[in-house]
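Since the structure comes first, as structure tokens, the remarks are kept for the end.
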Amino acid sequence: MEIQTIVTSQQFNEDRFTKIDIIKTKRSVAFMLNFLPGQEMKPHNHPNRELYLQVIKGSGTFSIDGKKVEVNHGDVVYCDEEEKIGFVNTGEDNVSIYVTMTKI
């Protein structure tokens, strides 16, 4: 068993978005993505992995296989291994997204 808190993983950087690992095992990883207003993550996929992304603070726009998806605090998004996912903080507040990525 391992217990961590997500509060300490809400770290922001003026230069680019941050990815802070919370818990890592052989088959999965839990991490936090943090975006200041205007910051973005380019679309990419994760072969042999599935992702669950929960917006825990703020709002913004995911790009999933080229389709724009608006999300807000509390929304959860699932992506399979083939889907290309990107994100832009389109709001005026900081955004934190809790992610679990698991091997298929």
Side-chain angles (χ1 to χ4, degrees):
M1 177 178 71
E2 183 174 349
I3 298 174
Q4 298 293 333
T5 179
I6 62 173
V7 175
T8 58
S9 61
Q10 290 180 287
Q11 301 173 26
F12 298 87
N13 183 307
E14 292 287 331
D15 296 328
R16 64 183 305 271
F17 78 92
T18 62
K19 175 186 175 277
I20 310 295
D21 288 342
I22 301 169
I23 295 177
K24 256 183 157 172
T25 69
K26 293 178 195 175
R27 296 184 329 177
S28 65
V29 61
F31 57 91
M32 188 75 71
L33 296 173
N34 301 291
F35 300 83
L36 292 172
Q39 290 181 332
E40 68 180 283
M41 175 180 68
K42 302 266 188 239
H44 63 287
N45 66 344
H46 294 276
N48 303 313
R49 307 278 192 278
E50 61 182 3
L51 292 142
Y52 294 88
L53 305 101
Q54 180 181 6
V55 182
I56 63 166
K57 179 179 182 175
S59 61
T61 305
F62 278 106
S63 169
I64 302 172
D65 283 344
K67 180 181 176 187
K68 303 294 183 196
V69 179
E70 301 292 324
V71 293
N72 295 291
H73 173 257
D75 289 342
V76 177
V77 176
Y78 166 80
C79 288
D80 68 28
E81 65 180 315
E82 296 175 8
E83 292 176 303
K84 284 193 172 190
I85 184 168
F87 182 81
V88 178
N89 179 349
T90 55
E92 297 179 11
D93 298 320
N94 295 349
V95 172
S96 291
I97 302 170
Y98 175 79
V99 182
T100 55
M101 182 168 59
T102 307
K103 287 183 182 179
I104 298 175

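Numbering starts at 1 and runs along the sequence shown.
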Point-to-point distance, once rounded to the nearest 0.5 Å, from NZ of K84 to CG of D65: 8.5 Å

Sidechain-backbone polar pair: D80 side chain, E83 backbone, donor-acceptor under 3.5 Å: yes

Same apolar cluster (I L V M F W Y, side chains within < 4.5 Å links), F35/I64: yes

Spatial distance of atom CG (N45) from atom CD (E82) [nearest 0.5 Å]: 8.5 Å

Hydrophobic cluster membership, M32 vs Y52, 4.5 Å side-chain cutoff: no

Criterion side-chain contact (heavy atoms from CB on, under 4.5 Å) against L36, the qualifying member of N94, V95, D93: N94

For M101, the option from K24, H46, R27 that meets side-chain contact (heavy atoms from CB on, under 4.5 Å): H46

Atom of K42, atom of H44 and distance for their closest heavy-atom approach: O-ND1, 2.9 Å

Exceeds 12 heavy-atom contacts within 6.0 angstrom, atom CD of E92: no

Under 3.5 Å donor-acceptor, N89 side chain and G91 backbone: yes

With T5 via side chain to side chain donor-acceptor pair (under 3.5 Å) - residues at least two apart: none

E81 side chain vs P47 backbone, donor-acceptor pair below 3.5 Å: no

Contact summary for C79 and I85, nearest pair of heavy atoms: SG-CD1, 3.5 Å

Value rounded to 0.5 Å, distance of CD in Q10 from CZ in F12: 6.0 Å

OG on S96 to CD on Q11, rounded to 0.5 Å: 10.0 Å

side-chain contact (heavy atoms from CB on, under 4.5 Å), paired with L53, selected from V99, V76, T100: V99

Co-membership, hydrophobic cluster, residues V55 and V77, 4.5 Å side-chain: yes

Those residues that, when tested against K103, pass salt bridge (charged side-chain N to carboxylate O under 4.0 Å, His left out) (two or more places apart): none

Heavy-atom pair of closest approach, residues S9 and N34: O-ND2, 2.9 Å

Test log, rule side-chain contact (heavy atoms from CB on, under 4.5 Å), inputs I97 and V71: CA-CA 11 Å; I97 302 170; V71 293; 5.9 Å; no

Minimum-distance pair of heavy atoms, taken over all atoms of H73 and K57: CD2-N, 3.8 Å

Nearest-0.5 Å distance that lies between atom CD1 in I23 and atom CD in Q4: 5.5 Å

Interatomic distance, L51 atom CG to F31 atom CZ [nearest 0.5 angstrom]: 6.0 Å

Over 12 non-hydrogen atoms of neighbours within 6.0 angstrom of NZ in K19: yes

Contact check, side chains of D75 and E70, non-hydrogen atoms, under 4.5 Å: no

Backbone N/O of N13 and side chain of T18: donor-acceptor pair under 3.5 Å: no

Nearest non-hydrogen partners of Y78 and E50, listed with the distance: OH-OE1, 3.0 Å

Pairing residues for F62 by the ring pair (Phe, Tyr, Trp, His ring centres under 6.0 Å) criterion, not counting sequence neighbours: F87

